[in-house]
Amino acid sequence: MRTRKYQDDEFDELLQKRLRSKQERSRNPRIKGGAAKWATSHRTPKSMPAIEIENLTKDYDVGFWRKRKVRALDGLSLTVEPGQIFGFLGANGAGKTTTLKVLMRLIFPTGGVARILGRDIGDVSMHARIGYLPENPYFYDYLTAREFLNYCGELFGLDRVTRERRTEELLTRVNLETKGWDRQLRKFSKGMLQRVGLAQALVNDPEIVFLDEPMSGLDPVGRREVRDLIASLRTQGKTVFMCSHILSDIEVLCDSVAILKHGRLAQAGSLEELRAGEAGIVEVIATGADAETLRQQLGSSAIVTTTASGLRIEVADEREVDAVINALRQAHGKLVSVQPVRQSLEELFLE
Amino acid sequence: MSQLKPNAGTLINNTVSDLGLDSDNSVGLTVRRTVAIARNAFREAVRDRVLYNLVIFALLLIAGAIFLGELSAGQEAKIIVDLGLSAMLLFGVFIAIFVGVGLVYKEIERRTLYTILSKPIGRGQFLLGKYLGLCLTLLVNVLIMGLGVSLALVYVRRGWDPMAIKIWPAIFLIYVELMIITGVALLFSSFSSPALSALLTFFVFIIGHFSADLKALSGTTGSASARWLFRSLYYLLPNLSNYSVITAAAHGVVPDGRSLLVATVYAVVYIMVLLAAATLIFSRRNFK
């Protein structure tokens, strides 16, 4: 808690400093960049999407002599609102990593545009405000974890004191054992590398974090920790764009989901929206009542089945739940639970 | 819920990100980032034990110095300089070629590049940083070797010898030549495999030393097309004969200021063109 407090104070101080320099800039538009550029592009207005992708297409050339084109992304369009954890789902080869690489300027799209924080992805300075964890990350193996994070901080132009502080903060935050901090990365296990990767993606305190398979290579404990870490990013108000095919993680973490199939967007929306197709079915669990009595009372609107521990009553519409509970009361049964039957993400994914 | 309101946290964080890291591309910041890349490239070379070649160089010099003690007076200084500077050039060229072609290729192959390029680093800036890092490695190498040769001279002459100072302009020219070779290696490796790049760079190094012959050939020999070929090679490839003054240095001849200046300016321009071409190619590459 104390460190948090310290940061807040410091942030205030920095905020004041920045505001002052901003005023100076607007008084003198000739100072680097000019006032107009600042006013329009530097701060993200609330309404502006964090990420906008429009009609993104990417063709790869395959073959040496007779080149064929393979379409990795096919007219992909999506929008990610700020403050969300956005899950980008798809089978292997669906185009998740390709999308991320386009956003990170590692490959160039064949067609379409993409904007991050309202700025074109080609804008180098915008990249100071985002973080990226590649898939199966591999870093300079001759550096220690501490040196590597320090180097990343340098690339963002952070001063030495900030770099040292952020390095220690982040290595603690990703739960990397202290004795590993000054060990060369070549001696790191896959899980440890993944943690270092997460730390480097956060070194600049980014507004948007892009994570490509953040849970891969981690043991169950590690996955749990990373999951908590991502959730904590949301509380800090950051936007997280994560690729994954591990559905349970997406289900627990994400506010919105897009499902990618063969380079096309198959489905997109919040988890609730996506499941809406199946919504309505409600399952009531009860004990102590006679199945036959209930069947007679409820008629054809409910399906009553006997289970090992009692009864399971399924109704097609949540408005009928009241009738079920009344019938149960009359039959002197005991209500155990009422819950909507939701389509799992897996079913959506496989559809 | 969180998707509905970008809460106070977002705003604070937005501003904080603005603060800690200046996102405007001021010159100072660009320089700092490039220097960081260069320092890291230097650190890589050191930790990959590139500088171990100095040990072999030292052994060579010591062996030379001891055996030369047996030889006739007056000759040993000449031979020490010849041996030392030739070895310096040869070792340097090996480092320039073999480390140079791997500078970028290794980063792509090991995917370390992904993390770096996702940060506010331009591709040209990245290349420049890597280039300067290797130049720094070569500089340290050449300085230590130069010092070694000077000391060896003092040793074989059993006392002070002005040659120990007079060889340094030649050492400077060797270093400038190595900088050109590094640039060539970087350019080739921006589009081809390390093995091919190493081979091509080595050819450039060899042919570059026969620049004068190329010019002569372009004036006299054969058909018009052959002359055109020699002439374009002459202008395209670096004229490295400007930098080979080892034999002269062994005889105590110091290159004059003007030729030093010409060689330096030529190298700076040539390297700028090399880096610009490498950036142009590298900026278009897709890293699948």
Side-chain angles (χ1 to χ4, degrees), chain A residues 8 11 14-15 17-18 32-33 38 42-44 46 60 81-85 101 104-108 124-134 136-143 147 151-152 154-158 162 166 197 200-201 204-207 210 234-238 255-256 270, chain B residues 1-30 32-37 39-40 43-48 106-107 109-123 125-126 129 283-288:
Chain A
D8 284 344
F11 289 169
L14 289 168
L15 181 71
K17 219 160 86 188
R18 170 55 59 125
K32 304 154 212 159
W38 272 80
H42 210 73
R43 183 74 73 76
T44 327
K46 276 184 190 174
Y60 285 121
E81 297 302 327
Q84 278 194 337
I85 298 187
K101 282 189 178 172
M104 294 303 121
R105 308 176 297 158
L106 293 171
I107 55 181
F108 301 105
V124 174
S125 58
M126 176 271 293
H127 285 256
R129 299 159 69 196
I130 61 175
Y132 170 54
L133 167 71
N136 301 323
Y138 190 88
F139 308 113
Y140 301 103
D141 55 12
Y142 52 89
L143 294 184
E147 284 169 340
Y151 177 46
C152 291
E154 280 183 297
L155 294 183
F156 280 110
L158 301 177
T162 318
R166 297 255 345 134
Q200 65 81 28
N204 55 330
D205 194 19
E207 291 162 57
F210 294 85
R234 170 172 39 202
T235 17
Q236 287 183 300
K238 303 199 185 303
D255 306 300
S256 283
S270 70
Chain B
M1 278 313 280
S2 58
Q3 68 217 57
L4 295 179
K5 45 165 187 157
N7 48 27
T10 321
L11 287 180
I12 290 175
N13 274 310
N14 280 349
T15 330
V16 167
S17 311
D18 289 357
L19 294 167
L21 19 117
D22 250 333
S23 55
D24 47 338
N25 277 328
S26 63
V27 178
L29 193 61
T30 310
R32 267 198 354 246
R33 285 172 176 158
T34 314
V35 167
I37 297 172
R39 279 215 336 251
N40 195 49
R43 188 157 52 179
E44 176 177 5
V46 171
R47 294 202 181 162
D48 281 349
K106 236 163 75 185
E107 296 248 358
E109 192 66 10
R110 296 185 176 175
R111 304 196 309 269
T112 44
L113 184 73
Y114 294 2
T115 3
I116 304 308
L117 286 189
S118 71
K119 297 180 168 40
I121 303 293
R123 291 195 182 180
Q125 195 180 5
F126 175 77
S283 303
R284 287 152 197 259
R285 283 192 67 170
N286 283 308
F287 302 111
K288 286 177 204 169

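Just so it is clear: chains get the letters A, B, ... in the order the sequence lines come, proteins before strands, and each one is counted from 1. Here the structure is a predicted model, which is why all the values come from computation and not from measurement.
Between the side chain of B/R43 and the main chain of A/Y142, no donor-acceptor pair closer than 3.5 Å is present. Between the side chain of A/Q200 and the backbone N or O of A/Y132, at least one donor-acceptor pair lies under 3.5 Å. Under the 3.5 Å distance criterion, the side-chain polar atoms of B/K119 are left unmatched by any main-chain donor or acceptor of A/F156. Of the possible polar contacts, one joining the A/N204 side chain to the A/I130 backbone as a donor-acceptor pair under 3.5 Å is found.
With a 4.5 angstrom heavy-atom cutoff, B/R32 touches chain A only via side-chain atoms. Within the 4.5 angstrom heavy-atom criterion, only side-chain atoms of A/D141, from C-beta onward, approach chain B. The contact between B/R123 and chain A is made entirely by side chain atoms (from C-beta outward), counting heavy-atom distances below 4.5 Å. Within the 4.5 angstrom heavy-atom criterion, atoms from both the backbone and the side chain of A/Y138 approach chain B. Only the side chain of B/E107 has a heavy atom closer than 4.5 Å to any heavy atom of chain A. If you measure heavy-atom distances from A/Y60 to chain B, the contacts under 4.5 Å come from the side chain alone. Heavy-atom distances place no part of A/L133 under 4.5 Å from chain B, backbone and side chain included. Residue B/R284 touches chain A through its backbone alone, counting heavy-atom pairs closer than 4.5 Å.
Of all non-hydrogen atoms in A/Y140 and B/T112, the two that sit nearest each other are N-CG2, 3.6 Å.
Of the options B/L29, B/T30, B/V35, a side-chain contact (heavy atoms from CB on, under 4.5 Å) to B/R33 is made by B/L29 and by none of the others.
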